[in-house]
There are 2 protein chains.
Amino acid sequence: MGVTKEDTYTPRQSKLAQWYKALGHPARIAIVEQLLRSNCCICKDFTSEIDLAQPTISRHLQELKSAGIICGTIEGASVSYCINPRYRKRLRELITEN
Amino acid sequence: MGVTKEDTYTPRQSKLAQWYKALGHPARIAIVEQLLRSNCCICKDFTSEIDLAQPTISRHLQELKSAGIICGTIEGASVSYCINPRYRKRLRELITEN
DNA sequence: ATTATTTATAGTAATATTGCTATATATCTA
DNA sequence: TAGATATATAGCAATATTACTATAAATAAT
């Protein structure tokens with residue numbers, strides 16, 4: 001049904017799955033890679049690197065944010081995104097390895 | 001459109017995303033965890049641990065298999081599944097960590 | 001040979017995801 | 001203030017995912 005029986009699993013299993021699901025799209029991998037290189041980017045920076053419409057990029061950014069993978073801070077008219085420092089090292093391994 | 005613009009990304013980005021997507025469901029996390037504990041399981045072993053119908057488990061197993069995460073070998077009337085030895089260590093880190 | 005056991009596939013229905021265009025909102029700049 | 005810039009949201013359409021029941025297929029057991 002496209003709906004996951006959430007209460008079947010431990011919170012840890014659900015959390016892990018949510019984390020990896022957030023990384024389960026090439027656009028989001030590309031975003032994380034760009035952030036690992038550039039440290040901080042505004043939304044527009046991604047739209048010039050990744051061939052997707054701006055609202056689509058924005059949506060992927062929201063998904064990474066709600067998974068706790070990235071943080072966004074308003075900076076004037078733009079929003080500055082960066083890797084959640086807590087997961088920076090781990091993400092570098094996840095993306096770099098293999 | 002629920003369809004990913006695959007040619008926008010590098011093969012590496014697509015491959016990474018595919019790998020993490022396969023881990024992006026709690027049932028598949030549960031399956032991998034069980035295999036990390038038990039080394040080898042037949043399909044029926046999973047159905048008695050995870051509260052999902054047998055065909056649903058079977059489908060999740062196929063997805064893990066096509067991502068290269070697990071291997072299945074026919075053994076009489078049943079199929080013996082195990083972690084792809086090539087990724088065993090890596091998966092233990094991915095599942096255990098955090 | 002018939003029945004039981006084990007697994008996969010077919011078919012279906014509900015929900016989720018991805019991506020677009022149009023537009024709202026908020027801040028800068030002239 | 002008026003226009004430009006940057007981002008998010010609304011709304012829509014197409015496809016993907018998840019899970020079910022029913023059933024096929026293949027081996028094991030009686």
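Order of the sequence lines fixes the chain letters, A, B, ..., with proteins taken first and strands second; residue numbering starts at 1 for each chain.
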Out of [options], whichever nucleotide has its closest atom nearest the side chain of [X]:
X	options	result
B:C43	D:dA28, C:dA8, D:dT7	C:dA8
A:A77	D:dA10, C:dT9, C:dC28	C:dC28
A:K21	D:dA16, D:dT7, C:dA16	C:dA16
B:S58	D:dA6, C:dC20, C:dT9	C:dT9

field: Under-3.5 Å donor-acceptor pair between A:Q54 side chain and D:dA8 base
entry: yes
- prompt: Would you say the side chains of B:R88 and B:N39 form a donor-acceptor pair under 3.5 Å?
  reply: yes
Could you state the [atom1]-[atom2] distance from [X] to [N], rounded to the nearest angstrom?
X	N	atom1	atom2	answer
A:I70	D:dT7	CD1	P	12 Å
B:I74	D:dA28	CD1	C1'	15 Å
A:Q62	C:dT17	CD	P	15 Å
A:I31	C:dG19	CD1	P	10 Å
B:I50	D:dC20	CD1	P	12 Å
B:H25	D:dT17	NE2	P	11 Å
A:R59	D:dT9	CZ	C1'	9 Å
A:E63	C:dT17	CD	C1'	8 Å

message: Is it the case that the ring center of B:W19 lies less than 6.0 angstrom away from the ring center of B:Y87?
response: yes
N-O pairing of A:E33 and B:R12 below 4.0 Å: yes
query: Does a salt bridge link A:K44 with A:E49, judged by any charged N lying under 4.0 Å from a carboxylate O?
result: no
message: Need to verify one output field. Residue with the more 5' nearest nucleotide on DNA chain C, A:A27 or A:P55?
response: A:A27
- line: Of A:L52 and A:E75, the one whose closest nucleotide on DNA chain C sits nearer the 5' end is A:L52
query: Which residue, A:K44 or B:G24, contacts DNA chain D at a nucleotide closer to its 5' end, judged by nearest heavy atom?
result: A:K44
message: Classify B:T56 by what it touches in the nucleic acid, base, sugar-phosphate, or nothing, heavy-atom distance under 4.0 Å.
response: base
message: What contact category does A:I42 fall into here, base, sugar-phosphate, or nothing, at under 4.0 angstrom with non-hydrogen atoms?
response: sugar-phosphate
query: Has A:Y81 got a side-chain N or O lying under 4.0 Å from the OP1 or OP2 atom of D:dA8?
result: yes
message: Looking at C:dG19, I'd like to know if its phosphate oxygens (OP1 or OP2) sit under 4.0 Å from a side-chain N or O belonging to A:H60.
response: yes
- prompt: Between B:H25 and A:A17, what is the shortest heavy-atom contact and its length?
  reply: C-CB, 3.5 Å
